[in-house]
Amino acid sequence: MTINIGVIGTGAIGREHIRRCSQVLQNSRVVALNDINRSNCEQVINELGLDAQIYDNAHDLINDTAVQAILVTSWGPTHEEFVLACIKAGKPVFCEKPLAVTAQGCLNIVEAEINAGKKLVQVGFMRPYDSGYRALKEVITRGDIGEPLMLHCAHRNPSVGDAYTTDMAITDTLIHELDVLRWLLNDDYVSAQVIFPRKTRNASSHLRDPQIVLLETTRGTRIDVEIFVNCDYGYDIQCEVVGELGIARLPEPVSVQTRSAAKLSTAILTDWKKRFIDAYDVELQDFIDNVASGEMTGPSAWDGYAAAVAADACVAAQNSGEILPVKMPPKPAFYA
Ligand code: NAI
Ligand code: NAD
Ligand code: ISE
């Protein structure tokens, strides 16, 4: 069964997802596009030779009976409105992170989904689909390194544009760690603190970069995450778990080792699109398969909400400089 997909937001990741839905994945076809900038849709249709209709209004796309499932890949502040409209229309929706830009926005989605009585939402947290993170989780779950005591993580981008603000280090970048570390440890956060080291000269004048986020979980595991979005040298994701019996590290992406000009070296990626390219394929195939079977199993609206609750606390901690509580309500049975 081929699923007819409508895509809202045909920017960087929207185009990537349209390409994979049209050329890489099984049982999916992109039939409708919307973007606030119509020429973005025209460009992607021409580039990929798509037979898709352009809608000037996202709500018309959502309500088109030919569209069976929706991808929301517009920028973060638009997500809540579009996801709520998909739930109202009773259609499955894959929403790029963040699910909404505030915890309250995510809660509105959680409540709408519970009221609809059916899981319809998958959030674009792709790291739980990454083979490296999966292998790391297996090592932890098997008990090879004993109980996890501390995590040292880094999320580094080579550079960001001028529109990137200090809070986006949390809501746009750290949000991936807030999701994947919760999944990795099978635990929730109880407190957050943010520290600002000396600023890099490569950051724009309004941006505080790098930042260090310190998190504590309900079991007392301590996590430090360095966010450095103008690190210059590459796109680099690190995660080291220190356990009672040993240490486990997230595998590095495959890269050929060379010996040349008196140097032993391996290349480091520079583009986020390539670092998790396989994980994006697996997450979206999972979404399409779940639309076909009628049962959503990927990162849920509750996972989007949990990450947003922690993100809200981190943003408040950026401003106050204090250690702040992360208060998660109990998980509703609907998401058990
Ligand atoms: P982008 O700026 O390249 O693309 C966003 C697109 O949405 C633009 O074409 C814009 O015109 C369109 N848009 C904005 N408002 C709209 C509206 N109201 N209605 C319709 N279209 C609208 O942004 P990018 O990098 O593609 O990011 C999009 C989303 O994907 C963000 O939520 C971002 O956080 C997420 N993302 C996730 C990644 C991941 O690793 N999972 C990686 C990159 C982005
Ligand atoms: P982008 O700016 O390249 O694309 C956003 C697109 O949305 C643009 O084409 C814009 O015109 C369109 N848009 C904005 N408002 C709109 C609206 N109201 N209606 C329709 N279209 C609208 O951004 P991006 O880098 O593609 O990021 C988009 C989303 O994807 C963000 O939420 C971002 O956080 C997420 N993202 C996720 C990952 C990931 O690794 N999962 C990576 C990059 C981006
Ligand atoms: C971007 O939106 C992403 O999601 C990338 O994965 C992340 O590394 C980057 O910092 C974000 O801006």
Side-chain angles (χ1 to χ4, degrees), residues 7-18 20 35 40 71-80 82 94-102 106 122-133 153-184 194 200 202-204 206-213 225-239 250 252-253 268-284 287 298-299 303-304 307-308 310-311 314-315 318:
V7 181
I8 303 173
T10 53
I13 201 155
R15 282 170 211 195
E16 275 293 292
H17 286 343
I18 293 165
R20 51 176 57 86
D35 196 295
N40 282 355
L71 308 187
V72 176
T73 50
S74 45
W75 70 308
T78 63
H79 292 181
E80 181 185 350
F82 297 147
F94 172 94
C95 178
E96 262 307 336
K97 40 65 54 174
L99 178 59
V101 286
T102 60
C106 294
Q122 176 172 332
V123 183
F125 288 132
M126 72 294 181
R127 291 197 193 176
Y129 290 97
D130 172 63
S131 56
Y133 273 109
C153 309
H155 188 150
R156 304 192 186 111
N157 291 216
S159 62
V160 290
D162 250 10
Y164 189 100
T165 50
T166 296
D167 58 325
M168 285 172 74
I170 306 295
T171 56
D172 209 53
T173 298
L174 179 79
I175 198 90
H176 284 293
E177 271 78 15
L178 291 175
D179 175 66
V180 78
L181 301 181
R182 216 182 132 248
W183 166 85
L184 191 68
V194 180
T200 169
N202 294 322
S204 50
H206 61 78
L207 177 63
R208 303 191 75 170
D209 184 42
Q211 305 181 21
I212 298 171
V213 178
V225 187
E226 170 204 312
I227 310 156
F228 189 7
V229 293
N230 289 284
C231 80
D232 197 61
Y233 72 88
Y235 185 79
D236 197 6
I237 305 299
Q238 297 290 324
C239 179
L250 180 69
E252 293 288 342
I268 295 178
L269 293 171
T270 54
D271 186 348
W272 57 260
K273 291 188 203 80
K274 299 211 173 113
R275 174 63 181 86
F276 291 106
I277 192 159
D278 297 332
Y280 294 125
D281 288 351
V282 183
E283 72 167 352
L284 270 180
F287 174 69
D303 295 319
C314 291
V315 172
Q318 280 182 325

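In listed order, ligands and their atoms are each counted from 1. Residue indices begin at 1 and follow the sequence shown.
Comparing heavy-atom distances from atom 9 (C) of ligand 3 across Asp172, Asn157, Ile237, Val229 singles out Asn157 as nearest.
Side-chain contact between Leu174 and Val213: present, with at least one pair of heavy atoms (C-beta onward) separated by less than 4.5 Å. Side-chain contact check for Cys239 versus Val180: every heavy-atom pair is 4.5 Å or farther apart. By the 4.5 Å heavy-atom criterion applied to side chains, Ser159 and Asn230 are counted as neighbours. You'll find the side chain of Thr10 stays beyond 4.5 Å of the side chain of Thr73, heavy atoms only.
Atoms of ligand 3 found under 4.0 Å from any heavy atom of Tyr235, numbered from 1 in the order shown, are 5 (C), 6 (O), 7 (C), 8 (O). Numbered from 1 in the order shown, with element, the atoms of ligand 3 that lie under 4.0 Å from a heavy atom of His176 read 3 (C), 4 (O), 5 (C), 6 (O). Proximity to Lys97 (heavy-atom distance under 4.0 Å) selects the following atoms of ligand 3: 1 (C), 2 (O), 3 (C), 4 (O). Numbered from 1 in the order shown, with element, the atoms of ligand 3 that lie under 4.0 Å from a heavy atom of His155 read 7 (C), 8 (O), 10 (O).
Atom CD1 of Ile237 is separated from atom OH of Tyr133 by 6.5 Å, given to the nearest 0.5 angstrom.
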